[in-house]
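Let me begin by presenting the structure, written as structure tokens, before commenting on it.
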Amino acid sequence: MFDLRKMQILMPFSPKYAVDPELDQEQHSGRNRVLDNATIIRGLHHPHPHVDLLHIPSLTLDTSCTKHVTGFTFYEERLLCFLLHLNEPQNRVVYVTSMPVSLCVVDYYLSLLTDISMQDAKQRLSMVCCYDPSTEPLSVKILQRPRLMKRIKHLICPGKTIFSSYCNTAAEQQISMQLGIENIQSDVSCLFWGTKTGSRNIFKEAGIPHCFGGHEMLQSVEAIVDSVISLRKSRPDLKHLMVKLNEGVSGLGNASWELPNNSNFTVLLKSLMTDLKPCSGVSPEEFLRCVPTVGAIVEERIDIANLRSPSAQGLIGKDGRVEIVSTHEQVLHNGIFDGCTFPANEEYRAAIQKHCLLCGLCLASKGLRNERFGVDFLTWEDEDGEWQLLAVEINVRSLGTTHPMMTLQLVAKGGYLTPEGTFVDRFGRSRSYFAVDSFLHESLKSLTPEDLMDSISLNPILQYNKGSTTGTIFYMIDALPSTGKIGMMCIQEKPSQATNHFHAVKALLLNESSLKPALI
């Protein structure tokens, strides 16, 4: 049996067990086989035993993309699993949001605690909000409210506070400076390597196969057309293209483009302005309006049957060492991230872990420290039954796969195994999950967070079982009444079981939300 009782849980800080940049993949695997004579349980230790944890889940991204996301501000609640760090009896947590989190939702997360009482946890928890429902990034809202900043400062002890955020931009660095907290993450200038342009250059430098396309940032529609003309000189048959905004998120900054046969500049420019199909549903004109501000890249779109989109996630420590923490099969809807299954298919899991490691080492050489990062791939099985793999992009921030893995580690008190790429709970039992950010249905608007809590109490399939470390955990619960949207993760031993569990939960929720109101 694996004894993980003394291990801390995955957080975006320096790992105890990691990969030395000087070691290759084989040395890395052998070096870490030190626990139970088998393999290391991946865990991340707090740098101090007793800490204040300040979490600001600000999606500090280009608002031209995020404004089209239904219930965007509720995405700040995806990481409410952060409250489970209160399991450590000396930890205090300060969690900041744009709008208040319902009390029943806070109680729901605290009910998942295993080692302490809910009452004890509440005494060490401070929920702070801006009362601002706009789509402006949370970090900007905080900076606009000096009294709120002062209140947050009174809730923490700067000398022992760990600051965690969705991403680390100038706004987050300004907050940490005003609060007197050391920001241990990378300088903002390093984050270029997590853009679409930076990603492609990392792939090129690390020798990782990636989609055919340009490697320069394009900041005008004319530059996009010139790039296509240049690409067609080496690939005259180039027909299917993707135009990607440099700082897009979850596929919302991507657009597909069917190229005309004619490579004349004027013909291509007209086609770009009329035939471009942004994944977010906006017009070509609105999409291209963002190009001068954030930049863009162009690359070939892969149109192959049964195309899959796996991903791998890693951590770069304060000393530049790299740790692989998970792999996933991404669930995409019209090219936009909708959810994920853990782990990725074992037939190519080792390959994407290796490529993720190489990307991490290259990112570390650029100066990135104390950062989460993820690498997205495309993969398909060729006629000979071999899996082909292309890297697509790197993101340097929390990801759509961050919160389900963090939640699993916190509730199951387990860890990630390498090189197997699987997860075991504290009893050594294998665990997988299916997670979705946006289960959306009009009928769900009839449910309030309190209604969902009632349904959970009456239906075991909606519950999380602490003993078996299986079941359902919901997030973005406050989004239900206004958007009809909710997120959830379904945990089981095998991925197929987790997916089946999700479909059962989905059916039950739709049934609960369609119940006719009682006559008064």
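Please read all numbers here as calculations on a predicted model, not as lab measurements.
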For [X] and [Y], does a side-chain donor sit closer than 3.5 Å to a side-chain acceptor?
| X | Y | value |
| --- | --- | --- |
| Thr341 | Glu329 | no |
| Ser263 | Arg232 | yes |
| Tyr75 | Lys485 | yes |
| Gln313 | Ser311 | yes |
| Trp387 | Glu347 | yes |
| Trp193 | Ser199 | no |
| Glu247 | Thr195 | no |
| Gln173 | Ser176 | no |

Tell me, do [X] and [Y] make a side-chain contact under 4.5 Å, heavy atoms counted?
| X | Y | value |
| --- | --- | --- |
| Arg235 | Phe212 | yes |
| Leu54 | Leu179 | yes |
| Glu299 | Leu241 | no |
| Thr483 | Lys445 | no |
| Leu389 | Lys354 | no |

Ignoring hydrogens, what is the shortest heavy-atom contact between [X] and [Y]? Give both atom names and the distance.
| X | Y | result |
| --- | --- | --- |
| Met405 | Ser326 | CE-CB, 3.7 Å |
| Ser227 | Val298 | OG-CG2, 3.2 Å |
| Ala312 | Ile352 | CB-O, 3.7 Å |
| Val392 | Phe377 | CG2-C, 3.8 Å |
| Arg145 | Asp132 | NH2-OD2, 3.1 Å |

Charged N-O contact under 4.0 Å between [X] and [Y]:
| X | Y | value |
| --- | --- | --- |
| Glu205 | Lys366 | yes |
| Arg200 | Glu393 | no |
| Lys277 | Asp275 | no |

Going through the checks in order, is the salt bridge (charged side-chain N to carboxylate O under 4.0 Å, His left out) test met by Glu258 and Lys239? CA-CA 6 Å; Glu258 294 294 326; Lys239 181 70 176 176; 5.4 Å; no
Say you draw a straight line from [atom1] of [X] to [atom2] of [Y]; how long is it, rounded to the nearest 0.5 Å?
| X | Y | atom1 | atom2 | result |
| --- | --- | --- | --- | --- |
| Lys141 | Glu136 | NZ | CD | 7.5 Å |
| Leu143 | Ile175 | CG | CD1 | 4.5 Å |
| Ser438 | Phe74 | OG | CZ | 14.5 Å |
| Glu371 | Asn168 | CD | CG | 6.0 Å |

Candidate pair His240 and Leu259, rule side chain to side chain contact (heavy atoms under 4.5 Å, CB included), full reasoning: CA-CA 6 Å; His240 311 294; Leu259 298 179; over 6 Å; no
Determine, using ring centers only, whether His355 and His210 are less than 6.0 Å apart.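 No; His355 has its ring centre 6.0 Å or more from that of His210.
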Is the ring centre of Tyr433 less than 6.0 Å from the ring centre of Phe342?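 Yes, they do, as the ring centres are separated by less than 6.0 Å.
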Could you please spell out the steps behind the side chain to side chain contact (heavy atoms under 4.5 Å, CB included) verdict for Leu79 and Tyr475? CA-CA 8 Å; Leu79 277 168; Tyr475 48 94; over 6 Å; no
Might you work through the side chain to side chain contact (heavy atoms under 4.5 Å, CB included) test for Phe203 and Cys359, ending with a clear yes or no? CA-CA 7 Å; Phe203 298 149; Cys359 287; 3.7 Å; yes
CD/Gln388: more than 12 non-hydrogen atoms of other groups inside 6.0 Å: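 Counting neighbours around CD of Gln388, more than 12 heavy atoms of other residues, nucleotides or ligands fall under 6.0 Å, so yes.
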I'd like to know whether CG of Asn306 has more than 12 heavy-atom contacts from other residues, nucleotides or ligands below 6.0 angstrom.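 Counting neighbours around CG of Asn306, 12 or fewer heavy atoms of other residues, nucleotides or ligands fall under 6.0 Å, so no.
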Applying ring pair (Phe, Tyr, Trp, His ring centres under 6.0 Å) between His55 and each of Tyr95, Tyr166, Phe163, report the one that passes.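 Only match with His55 under ring pair (Phe, Tyr, Trp, His ring centres under 6.0 Å): Tyr95.
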